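It should be emphasised that the depicted structure is a prediction, and the values quoted were computed from it without experimental measurement.
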Amino acid sequence: MALRTVFSRRTLASLRSGLSSSVTPTGTRSLVTFSLPDLPYDYGALEPAISGEIMQLHHQKHHQTYVTNYNKALEQLEEASNKGDAPAVVKLQSAIKFNGGGHINHSIFWQNLAPVHEGGGEPPKGSLGWAIDEHFGSLEALVSKMNAEGAALQGSGWVWLGLDKELKKLVVDTTPNQDPLVTKGPLIPLIGIDVWEHAYYLQYKNVRPDYLKNIWKVISWKNASKNL
């Protein structure tokens, strides 16, 4: 139940490397747990757009906390389900959504970034580039729209470029807190940008627009094209 609530099929596939489970002596599968994924680059590889200090804290502390608390909530959910404790099951859904969403979103976020020498910041090509021109007019117009919506998002959350699977079109949307994009409908996340202060405050202080302006220098459009 918890997995179906939080994950889309595509997201489950992308996170499979960070998922583990065990089999009991009776042959039944035990609780599924999740682990912190490795980054595909060094912490300092995205400088000067994002400092190595921020990346290390963001990955080792913040993302790890979401993973830890997600596993804890899933364990408590299994115990409550086995006991038939319906109120406890319902109560745990918010913790599962928040921490599971934090794990999903950050796992996407790390893949959305790449060092400049590995293609970070290079404009999208092929079908994604054409789709951006068709739906937004230009890459510059898309970036401007995402920056504006990300800067305007009150509190903490994410700004996304997604593919609407039903309408077959690109959309820009935001989600509060750690809500995954899948909570907004049949949307496949192509680019997700974290606008929680922990993603930028040590370097950009409270000037979120400067962070949003510079992060495009290390966005991996190659990865976004794969998701498309």
Side-chain angles (χ1 to χ4, degrees), residues 3 6-20 34-43 45-46 49-50 55 58-59 63 66-67 100-147 149-150 157-175 178-195 199 212 214-228:
L3 294 179
V6 176
F7 288 113
S8 70
R9 183 176 301 174
R10 179 177 291 268
T11 303
L12 273 171
S14 68
L15 299 179
R16 191 171 296 157
S17 61
L19 181 154
S20 63
F34 297 83
S35 60
L36 184 70
D38 294 331
L39 296 188
Y41 38 75
D42 294 334
Y43 289 124
L46 304 181
I50 307 177
M55 289 298 295
H58 200 171
H59 180 248
H63 191 172
Y66 294 124
V67 172
H103 177 43
I104 292 171
N105 292 345
H106 284 87
S107 296
I108 294 170
F109 183 57
W110 308 134
Q111 297 296 326
N112 280 169
L113 305 174
V116 172
H117 67 272
E118 294 181 5
E122 291 183 1
K125 302 175 182 178
S127 58
L128 179 57
W130 301 330
I132 289 173
D133 289 344
E134 177 183 355
H135 295 128
F136 301 102
S138 67
L139 176 61
E140 292 73 21
L142 167 63
V143 169
S144 178
K145 180 176 179 61
M146 289 188 68
N147 285 355
E149 296 204 15
W158 294 74
V159 58
W160 302 92
L161 171 66
L163 172 66
D164 188 311
K165 294 188 293 185
E166 293 182 352
L167 300 179
K168 306 298 183 184
K169 65 177 294 185
L170 299 181
V171 297
V172 171
D173 210 336
T174 59
T175 55
Q178 291 297 348
D179 289 9
L181 187 60
V182 69
T183 60
K184 302 296 287 284
L187 304 177
I188 297 173
L190 303 181
I191 295 289
I193 299 178
D194 189 350
V195 294
L212 289 167
N214 285 317
I215 197 171
W216 295 101
K217 298 174 183 177
V218 289
I219 287 292
S220 175
W221 289 105
K222 183 184 296 185
N223 178 260
S225 295
K226 293 178 181 177
N227 294 332
L228 182 65

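The structure places CG of Asn147 at 6.5 Å from CD1 of Ile193, a figure rounded to the nearest 0.5 Å. Residue Met146 holds its CE atom at 10.0 Å from OG1 of Thr174, rounded to the nearest 0.5 Å. In this structure, OG on Ser138 lies 9.5 Å from CD1 on Ile132, to the nearest 0.5 angstrom. Between atom CE of residue Met55 and atom CG of residue Leu46 there is a gap of 5.0 Å, rounded to the nearest 0.5 Å.
Between the side chain of Tyr41 and the main chain of Glu118, no donor-acceptor pair closer than 3.5 Å is present. Although no hydrogens or angles enter the test, the distance criterion places no donor-acceptor pair under 3.5 Å between the side chain of Thr183 and the main chain of Asp179. Checking side-chain atoms of Asp164 against main-chain N and O of Leu167 turns up a donor-acceptor pair under 3.5 Å. Side chain of Asn112 to backbone of Gly192: a donor-acceptor contact under 3.5 angstrom is found.
With hydrogens and angles left out, the side-chain atoms of Lys217 and Asn214 include a donor and acceptor closer than 3.5 Å. If you check the side chains of Gln178 and Tyr66, you find a donor sitting under 3.5 Å from an acceptor.
Considering every non-hydrogen atom in both Pro37 and Ser107, the closest pair reads CG-OG, 3.9 Å. Closest heavy-atom contact between Ser225 and Leu128: OG-CD2, 3.5 Å. Residue Asn227 comes nearest to Ile188 through the heavy atom pair O-CG2, 4.0 Å, listed as atom of the first residue, atom of the second, then distance. For the pair Ile104 and Pro180, the tightest heavy-atom approach, listed with the atom from each and the gap, is CD1-CG, 4.3 Å. Nearest heavy atoms, Leu228 versus Leu190: N-CD2, 3.6 Å. Taking all atoms of both residues into account, the shortest heavy-atom contact from Thr175 to Leu181 is CG2-CA, 4.2 Å.
With contacts defined as side-chain heavy-atom distances shorter than 4.5 Å, the pair Pro124/Leu139 qualifies. Side chains of Leu163 and Leu187 form no contact here, defined as non-hydrogen atoms less than 4.5 Å apart. Proximity of Val171 to Lys169: side-chain heavy atoms (C-beta onward) are separated by under 4.5 Å at one or more points. Residues Ile215 and Leu113 are in side-chain contact: their nearest non-hydrogen atoms beyond the backbone lie under 4.5 Å apart. Taking 4.5 Å as the limit, some side-chain heavy atom of Trp221 sits within range of a side-chain heavy atom of Ile191.
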Q: Apply side-chain contact (heavy atoms from CB on, under 4.5 Å) to Trp160 and Asn105, showing your working.
A: CA-CA 10 Å; Trp160 302 92; Asn105 292 345; 3.4 Å; yes

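Ring geometry for Phe109 versus Trp158: interplanar angle over 60°, hence perpendicular rather than tilted (30 to 60°).
A side-chain hydrogen bond (donor to acceptor under 3.5 Å, both in side chains) with His106 is found for one member of His59, Gln111, His58 and no other, namely His58.
With salt bridges taken as basic N to acidic carboxylate O contacts below 4.0 Å, one links Lys184 and Asp173.
If you look at His103 and Phe34, their ring centroids are closer than 6.0 Å.
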